[in-house]
Structures are given as structure tokens and as C-alpha cells.
Amino acid sequence: YSPAFIELLIPLRLLPFGIVVWVWGAVMLASLAYCAGRWTPLIILAPPVVTELMVGSIHLPLAAAIVAGFRWPAAWAFVLLTKVTPGVGLLWFVVRREWRPLFIAIGVSVAVAATSYLVAPALWWEWMDLLSRGSSQTLAPSAHHIAVPLIVRLPIAALIVIWGARTDRRWTVPVAAALALPVLWNAGFSLLAATIALGLRKERSP
């Protein structure tokens with residue numbers, strides 16, 4: 001994750017670990033409920049969601065940010081400053097020529113990143129070096145992840161978003177975001193919970 005996200009979590013480091021676990025668990029459950037609504041009791045039993053809740057990752061908050069991003073584009077800053085590559089979903093606004101939400105999403109992200117850089121520039125250089133080295137690595141297949149290189153998955157994810165934007169299918173954005181995760185593994189598919197809010201529940205922006 002970017003230094004900006006790590007800095008955001010600094011207050012949690014002041015709390016006992018047990019409390020942090022409960023706080024983050026509540027964030028994940030709230031994110032799932034925001035995406036799945038009345039389907040939450042069913043979706044929570046899905047294997048990717050169970051794994052996500054067990055390991056305490058950030059895919060459910062990412063899903064919530066993508067859903068919220070259609071109404072409040074600034075929420076995309078959370079996506080861009082954590083997993084980064086799921087930001088391919090911003091192509092939705094590009095294809096539909098919705099420039100205002102696109103500029104808000106990028107502008108807020110840049111503003112947060114710039115502020116964070118002023119606080120800890122060395123951390124940002126280390127993070128960018130880590131990203132450059134990680135993008136060239138290919139993980140071996142295992143029971144936990146699918147070893148398909150990001151360079152293969154990212155163009156496919158982009159095509160999915162482009163098709164969705166042209167046909168008014170918002171649910172394609174979280175599908176593409178999940179496919180564009182830096183590492184494609186079981187818990188990452190919990191991000192697809194966002195398809196419920198953007199598909200089955202048919203949320204509309206005001």
C-alpha cells in the first residue's frame with residue numbers, strides 16, 4: 001500500500017491489537033453491507049468473503065469505495081492509493097466523457113499523495129521501487145492465487161470497463177477491478193460484492 005494509506009492507519013497503531021481487529025472487522029462488515037444490502041447474509045457465506053474476513057484484507061472496503069465512487073468520485077482515491085491497478089475502473093468516466101468525476105477522483109488522489117510525500121518522501125521512493133520490482137514478478141500457481149500476470153489481465157480488465165461504459169453496465173467496473181488486482185487470489189474476488197450494488201440493486205447517481 002502507498003505511504004498515504006499507511007499514514008492513515010497510524011491512529012490504529014496506538015490501540016491494542018485486539019481492538020484494532022474488531023475495528024477493522026467492523027469496517028469490512030459495514031463495507032459488505034453497503035455493497036450487498038439485504039443480500040449480505042447470503043454473500044457473507046461466499047468462500048472469497050469468508051477468506052477476506054479471516055485474513056482482514058482491504059478488498060471489501062475497495063468494493064465499497066468503487067460503489068461510492070459513482071456518487072462521490074473522491075472515493076476512488078482509496079482505490080488508487082492502495083491497490084493502484086484496480087483504478088482501471090476510471091476508464092468508465094473517460095469513455096463516457098464524464099470529466100468532472102474523473103478530475104475529482106484524480107485530483108483528490110494527487111492532493112493526498114502530494115501531502116503524504118511532503119511528510120515522508122523517502123517512503124514514496126521506496127514504495128515506487130517496490131511497485132516497479134513487483135510488476136515484473138510472476139507468482140507460481142498455488143491454492144491461494146491464480147498465476148496470471150498482471151500484464152495479461154490488465155488489458156482485459158480495460159476492455160471490460162470500456163464495454164460496460166458503452167452499454168451502461170456499472171457492474172463491469174468491480175469485475176474489471178477484481179481482474180486488475182496486483183495479485184489474483186481467492187479473497188480478492190470478494191471485491192465482486194460491489195456488483196450487487198451496481199447491478200442487482202441498480203444504484204443510480206443523483
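- Using modelled atom types, one side-chain atom of Glu52 and one backbone atom of Leu60 make a donor-acceptor pair closer than 3.5 Å.
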Could you go through Trp163 and Thr172, starting from their C-alpha distance and side-chain angles, then the distance that decides it, and tell me whether this counts as side chain to side chain donor-acceptor pair (under 3.5 Å)? CA-CA 8 Å; Trp163 172 71; Thr172 60; over 6 Å; no
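- When all heavy atoms of Ala197 and Tyr34 are compared, the closest pair comes out as CB-O, 4.4 Å.
- Residue Thr82 holds its OG1 atom at 9.0 Å from NE2 of His59, rounded to the nearest 0.5 Å.
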Go through it in stages, so that I can follow the logic: the residues are Val95 and Val161, the test is side chain to side chain contact (heavy atoms under 4.5 Å, CB included), and I'd like the CA-CA distance, side-chain angles, deciding distance and then a yes or no. CA-CA 9 Å; Val95 173; Val161 177; 5.9 Å; no
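- Phe70 is listed as a side-chain neighbour of Val173, based on a closest heavy-atom distance under 4.5 Å.
- Nearest heavy-atom pair across Ala194 and Ala63 is CB-O, 3.7 Å.
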Evaluation steps, side chain to side chain contact (heavy atoms under 4.5 Å, CB included), between Trp72 and Ile104: CA-CA 9 Å; Trp72 303 289; Ile104 291 175; over 6 Å; no
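- Shown here for Leu62 and Val79, the closest heavy-atom pair between the two residues is CD2-CA, 3.7 Å.
- No more than 12 heavy atoms of other residues, nucleotides or ligands lie within 6.0 Å of CH2 in Trp22, so this atom counts as exposed by the packing criterion.
- Atoms OH and CH2, from Tyr117 and Trp127 in turn, are 13.5 Å apart once rounded to the nearest 0.5 Å.
- In this structure, OG1 in Thr195 is found 8.5 Å from CH2 in Trp171, a value given to the nearest 0.5 Å.
- Arg169 places no side-chain N or O within 3.5 Å of a backbone atom of Gly199 that could act as its donor or acceptor partner.
- Here the side chains of Leu53 and Ile44 are in contact, with some heavy-atom distance below 4.5 Å.
- Lys83 places none of its side-chain heavy atoms less than 4.5 Å from the side chain of Phe78.
- Between the Arg96 side chain and the Ala165 main chain, a donor and an acceptor come within less than 3.5 Å of each other.
- Put simply, the side chain of Ser190 never gets that close to the backbone of Val49: no donor and acceptor are under 3.5 Å apart.
- Side chains of Val175 and Leu179 form no contact here, defined as non-hydrogen atoms less than 4.5 Å apart.
- None of Leu154, Ile160, Ile162 except one satisfies the side-chain contact (heavy atoms from CB on, under 4.5 Å) rule with Val88; the exception is Leu154.
- In terms of hydrophobic clustering, with Ile, Leu, Val, Met, Phe, Trp and Tyr side chains grouped at heavy-atom distances under 4.5 Å, Trp24 and Leu29 are assigned to a common cluster.
- Put simply, the side chain of Ser109 gets close to the backbone of Ala105: a donor and an acceptor are under 3.5 Å apart.
- Between Asn186 and Pro47, the closest heavy-atom pair is ND2-O, 4.0 Å.
- With values rounded to the nearest 0.5 angstrom, Ile43 atom CD1 is found 10.0 Å from Leu192 atom CG.
- Residues Pro174 and Leu198 form a side-chain contact, since some pair of their non-hydrogen atoms from C-beta on lies under 4.5 Å apart.
- Between Leu159 and Ile156 there is no side-chain heavy-atom pair separated by less than 4.5 Å.
- Side-chain heavy atoms closer than 4.5 Å link hydrophobic residues (I, L, V, M, F, W, Y) into clusters, and following such links, even through other members, never connects Val21 to Leu32.
- Residues Trp125 and Val84 share a hydrophobic cluster, clusters being chains of Ile/Leu/Val/Met/Phe/Trp/Tyr side chains in contact below 4.5 Å.
- In this structure, Arg153 contributes its side chain and Val148 its backbone to a donor-acceptor pair below 3.5 Å.
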Apply the test side chain to side chain contact (heavy atoms under 4.5 Å, CB included) to residues Cys35 and Ile196: give CA-CA distance (whole Å), side-chain angles for both, the deciding distance (0.1 Å), then the verdict. CA-CA 6 Å; Cys35 292; Ile196 298 174; 5.8 Å; no
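- Taking 4.5 Å as the limit, some side-chain heavy atom of Phe189 sits within range of a side-chain heavy atom of Leu184.
- Residues Leu181 and Pro86 have side chains in contact (heavy-atom distance under 4.5 Å, counting atoms from C-beta outward).
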List the steps, then state whether side chain to side chain contact (heavy atoms under 4.5 Å, CB included) holds for Leu81 with Trp76. CA-CA 9 Å; Leu81 295 174; Trp76 275 98; over 6 Å; no
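- Using the six-membered ring where Trp is involved, Phe103 and Trp99 have ring planes that are parallel, under 30° apart on the 30 and 60° scheme.
- Within a 6.0 Å radius of CD1 in Ile151, no more than 12 heavy atoms belonging to other residues, nucleotides or ligands are found.
- The heavy-atom pair separating Pro61 from Ile58 by the smallest distance is CD-O, 3.2 Å.
- Criterion: ILVMFWY side-chain heavy atoms under 4.5 Å apart, direct or through other members. Under it, Leu45 and Leu191 are part of a common hydrophobic cluster.
- Connection of Leu123 to Leu118 is not established within any shared hydrophobic cluster, with ILVMFWY side chains joined at heavy-atom distances below 4.5 Å, either directly or through further cluster members.
- Shown here for Ala180 and Leu150, the closest heavy-atom pair between the two residues is O-CD1, 3.4 Å.
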